[in-house]
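Atom set for the values below is all heavy atoms of this structure, side chains included, hydrogens, waters and symmetry mates excluded. As the structure lists them, so they are numbered: ligands from 1, and atoms in each ligand from 1.
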Amino acid sequence: MDTPLVDRLGRPVEDLRVSVTDRCNLRCRYCMPREVFGPDHAFLPRDELLSFEEITRIVRVAVDLGVTKIRLTGGEPLLRKDLPELVAQLAAVDGLDDLALTTNGLLLRDHAGALADAGLDRVTVSLDALDETTFRAVADTRASVLGVLDGIEAARAAGLGPIKVNTVLRRGVNDDQLEDLAGWARDADVTLRFIEFMDVGTTNGWVREGVVPAAEVVDRIGTRWPIEAVERDHPGEVAERYRYLDGAGEVGVVASVTRAFCRDCTRARLTAIGELYTCLFAASGNDLRSLLRDGADDAGLRDRVVAIWSARTDRASELRAEEGLTGPRVEMSYIGG
Ligand code: SAM
Ligand code: SF4
Ligand code: SF4
């Protein structure tokens, strides 16, 4: 990298989230409500998806421009066939510090070993409830929370740690799970992060009253177990971290709605069909696949990414705080959470 690539607000590009599929084996109501993502939903056709080689080429260019962290996501990334092959290709990219995966955990038991062998560094597992009835209602599934817990143990056994677990709390839906989840995570040596429910996309029925503010989460945890704030590791870190004073590790909150952090946002997202998005709340992305398939060389690809990132002005969450979000937005399961 010659001169560091920054956007119009001076933000470098450091993290790239790569969606490998828009399909999922769950139908979390806040992400892929079954009424919208039902049997008739048109998921992306297989031949539209970027190949592993195409993804790796884009990642190599992105790393050359400053990206140090890659997170594979979706949809449910473990539904993508032969994913360890992609992991192996990405693990071989020079300059990458961190190769992670976000998953709902249900298929981790079967895949953790192969992913670790291929060079995956760590996993984040999404888990919104320990109570079986609540879990099934939130994820609109007959699968069991025990499958997720087994997946977490398999990941740990495979060396894919330290394990992080993400929970999206919604008022009146699963906010009663907060203390149970925090207590479980303390005992299970897992770092839990509570993420505010966001108005991603336009189909998940978001209302501000459904958001459990991070400040309330911190209060409730602190009432049960004394905690103190921990300094951020780096500016782009989205979680606000707290340490349990009794030594039982850390817990975090991601205050995407109530304390927007756009000014430090260093994230780009690549969809499964090769569109580069510069914000989770964008209406559209920038097509890189056509460039690849039309025979562009790495210099051409690089110029395009530089042009896209240099023009970036996104700060949707800060604007939401000021004036609310309106207009079309891409769905989370499509862009990759
Ligand atoms: N299927 C995988 C999983 O659930 O971990 C990866 C993709 S999922 C879209 C990534 C993350 O986005 C999950 O942790 C999920 O809870 C979160 N997410 C989805 N919709 C959300 C919303 N409306 N607000 C906040 N987080 C959301
Ligand atoms: Fe699937 Fe993850 Fe969305 Fe749930 S949050 S529906 S597991 S993509
Ligand atoms: Fe980044 Fe957009 Fe989220 Fe702001 S709203 S933190 S710019 S992804």
Side-chain angles (χ1 to χ4, degrees), residues 7-9 11 13-15 17-34 36-37 41 43 71-80 100-108 123-129 135 138-141 143 147-148 151-152 164-170 173-174 192-207 210-212 236-238 254-257 259-269 271-272 277-283 312-321 325 329-337:
D7 68 9
R8 297 262 290 273
L9 303 177
R11 300 168 295 186
V13 59
E14 290 173 349
D15 313 53
R17 307 200 145 211
V18 178
S19 172
V20 293
T21 180
D22 61 336
R23 291 165 199 261
C24 191
N25 48 350
L26 293 182
R27 286 291 179 275
C28 303
R29 300 219 41 89
Y30 60 86
C31 178
M32 295 180 76
R34 199 175 291 277
V36 181
F37 296 89
H41 181 74
F43 288 101
R71 180 172 292 278
L72 300 176
T73 181
E76 173 46 44
L78 297 182
L79 289 182
R80 180 78 186 253
L101 170 88
T102 300
T103 171
N104 63 36
L106 283 172
L107 298 171
L108 251 186
V123 293
T124 299
V125 178
S126 304
L127 177 61
D128 294 331
F135 172 81
V138 169
D140 196 358
T141 181
V148 182
I152 290 172
K164 286 190 178 150
V165 166
N166 282 351
T167 299
V168 177
L169 287 180
R170 278 180 303 150
V173 176
N174 66 334
L192 185 63
R193 292 183 310 186
F194 290 102
I195 299 175
E196 287 178 348
F197 174 36
M198 293 183 283
D199 41 352
V200 195
T202 48
T203 62
N204 69 3
W206 186 88
V207 284
V211 179
V212 182
E237 184 174 355
V238 297
V254 180
S256 350
V257 176
R259 287 196 286 264
F261 37 75
C262 299
R263 74 199 60 213
D264 294 325
C265 180
T266 55
R267 293 181 174 188
R269 291 176 160 85
T271 67
Y277 277 76
T278 55
C279 180
L280 187 52
F281 297 94
R312 177 183 191 243
T313 55
D314 304 284
R315 51 185 203 95
S317 285
E318 287 178 354
L319 294 177
R320 175 207 295 115
L325 286 182
R329 311 190 280 286
V330 65
E331 296 297 323
M332 184 75 132
S333 56
Y334 180 86
I335 192 176

J.: Hey, is Arg312 close enough to Asp7 for a salt bridge, meaning N to O under 4.0 Å?
T.: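 Counted as a salt bridge, because a side-chain N and a carboxylate O are separated by less than 4.0 Å.
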J.: What atoms in ligand 2 come closer than 4.0 Å to a heavy atom of Gly75?
T.: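 Matching atoms, with element in brackets: 8 (S).
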J.: Against ligand 1, does Gly75 come closer than 4.0 Å with any heavy atom?
T.: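 Yes, Gly75 has a heavy atom closer than 4.0 Å to ligand 1.
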J.: What are the two closest heavy atoms between Arg27 and Met32, and how far apart are they?
T.: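 Looking at all heavy atoms of both residues, the shortest contact is CD-O, 3.2 Å.
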J.: Note the single closest protein heavy atom to atom 2 (Fe) of ligand 3, along with its residue, its atom name and the distance in Å.
T.: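 Minimum-distance protein heavy atom for atom 2 (Fe) of ligand 3 reads Cys279 SG, 2.3 Å.
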J.: For ligand 1, is there an N or O atom under 3.5 Å from any N or O atom of Thr102?
T.: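 No, there is no polar N/O contact under 3.5 Å.
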J.: For atom 3 (Fe) of ligand 2, grab the closest protein heavy atom and report residue, atom and distance to one decimal in Å.
T.: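 Ranking protein heavy atoms by distance from atom 3 (Fe) of ligand 2, first comes Cys31 SG, 2.4 Å.
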J.: For Val173 and Phe197, run side-chain contact (heavy atoms from CB on, under 4.5 Å): C-alpha distance rounded to whole Å, both residues' side-chain angles, the deciding distance at 0.1 Å, then the answer.
T.: CA-CA 11 Å; Val173 176; Phe197 174 36; over 6 Å; no
J.: Would you say Pro77 has any N or O atom under 3.5 Å from an N or O of ligand 1, going by distance alone?
T.: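 No.
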J.: Distance under 4.0 Å to a non-hydrogen atom of Phe281: what atoms of ligand 3 satisfy this?
T.: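 Atoms satisfying the 4.0 Å criterion: 5 (S).
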J.: Do you know the tightest heavy-atom contact between Gly105 and Val125?
T.: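 Nearest pair, atom of Gly105 first, then Val125: CA-CG1, 4.0 Å.
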J.: Answer yes or no for Cys28: is there an N/O/S atom below the 2.8 Å cut-off from atom 4 (Fe) of ligand 2?
T.: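 It does; at least one qualifying atom falls short of 2.8 Å.
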J.: Could you tell me whether a side-chain N or O of Arg80 sits under 3.5 Å from a main-chain N or O of Val20, the two making a donor and an acceptor?
T.: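 Such a contact is found between Arg80 side chain and Val20 backbone.
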J.: What heavy-atom pair brings His41 and Val36 nearest, and what distance separates the two atoms?
T.: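 The pair with the smallest heavy-atom distance is ND1-O, 3.5 Å.
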J.: Report the nearest protein non-hydrogen atom to atom 4 (Fe) of ligand 3: residue, atom name, distance rounded to 0.1 Å.
T.: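 Going by distance alone, atom 4 (Fe) of ligand 3 is nearest to Cys262 SG, 2.3 Å.
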J.: Under a 4.0 angstrom heavy-atom cut-off, which atoms of ligand 1 come close to Glu76?
T.: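 Here the atoms of ligand 1 in question are 1 (N), 2 (C).
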J.: Would you call Glu76-Arg23 a salt bridge at under 4.0 Å N-O?
T.: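 Judged by the 4.0 Å cut-off on N to carboxylate O distance, Glu76 and Arg23 do not form a salt bridge.
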J.: If you measure every N or O of Thr103 against every N or O of ligand 1, does any of those distances drop under 3.5 Å?
T.: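 Among all N and O atoms of Thr103, at least one is under 3.5 Å from an N or O of ligand 1.
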J.: Using side-chain heavy atoms (C-beta onward) and a distance below 4.5 Å, is Trp206 in contact with Tyr30?
T.: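 The answer is no; the side chains never approach within 4.5 Å.
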J.: Need the ligand 1 atom indices (1-based, order shown) with element for anything under 4.0 Å from a heavy-atom of Asn104.
T.: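 In order of number, 2 (C), 3 (C), 5 (O).
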J.: Can you find an N/O atom of Tyr30 closer than 3.5 Å to an N/O atom of ligand 1?
T.: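 The answer is yes, given that Tyr30 and ligand 1 share an N or O pair closer than 3.5 Å.
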J.: For atom 1 (Fe) of ligand 3, which protein heavy atom lies nearest, and how many Å away is it?
T.: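 Sorting protein heavy atoms by distance from atom 1 (Fe) of ligand 3 puts Cys265 SG, 2.3 Å first.
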J.: Would you mind checking which non-hydrogen protein atom is closest to atom 7 (S) of ligand 3, with the distance to 0.1 Å?
T.: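 For this ligand atom, the closest protein heavy atom is Asp314 O, 3.6 Å.
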J.: Any idea which heavy atoms bring Asp128 and Val168 closest together, and the distance?
T.: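 Heavy-atom minimum between the residues: OD1-N, 3.0 Å.
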J.: Can you see which heavy atom on Phe135 is nearest to which on Ala129, and at what distance?
T.: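 Heavy-atom minimum between the residues: N-CB, 3.6 Å.
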J.: Give the atoms of ligand 3, by number and element, whose distance to some non-hydrogen atom of Ser317 is under 4.0 Å.
T.: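 Close to Ser317: 5 (S).
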J.: Compare all side-chain heavy atoms of Cys262 with those of Asp314 and state whether any distance is below 4.5 angstrom.
T.: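 Of all side-chain heavy-atom pairs linking Asp314 with Cys262, none is under 4.5 Å.
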J.: Tell me: protein heavy atom nearest atom 8 (S) of ligand 3, and distance?
T.: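 Among all protein heavy atoms, the one nearest atom 8 (S) of ligand 3 is Leu280 N, 3.3 Å.
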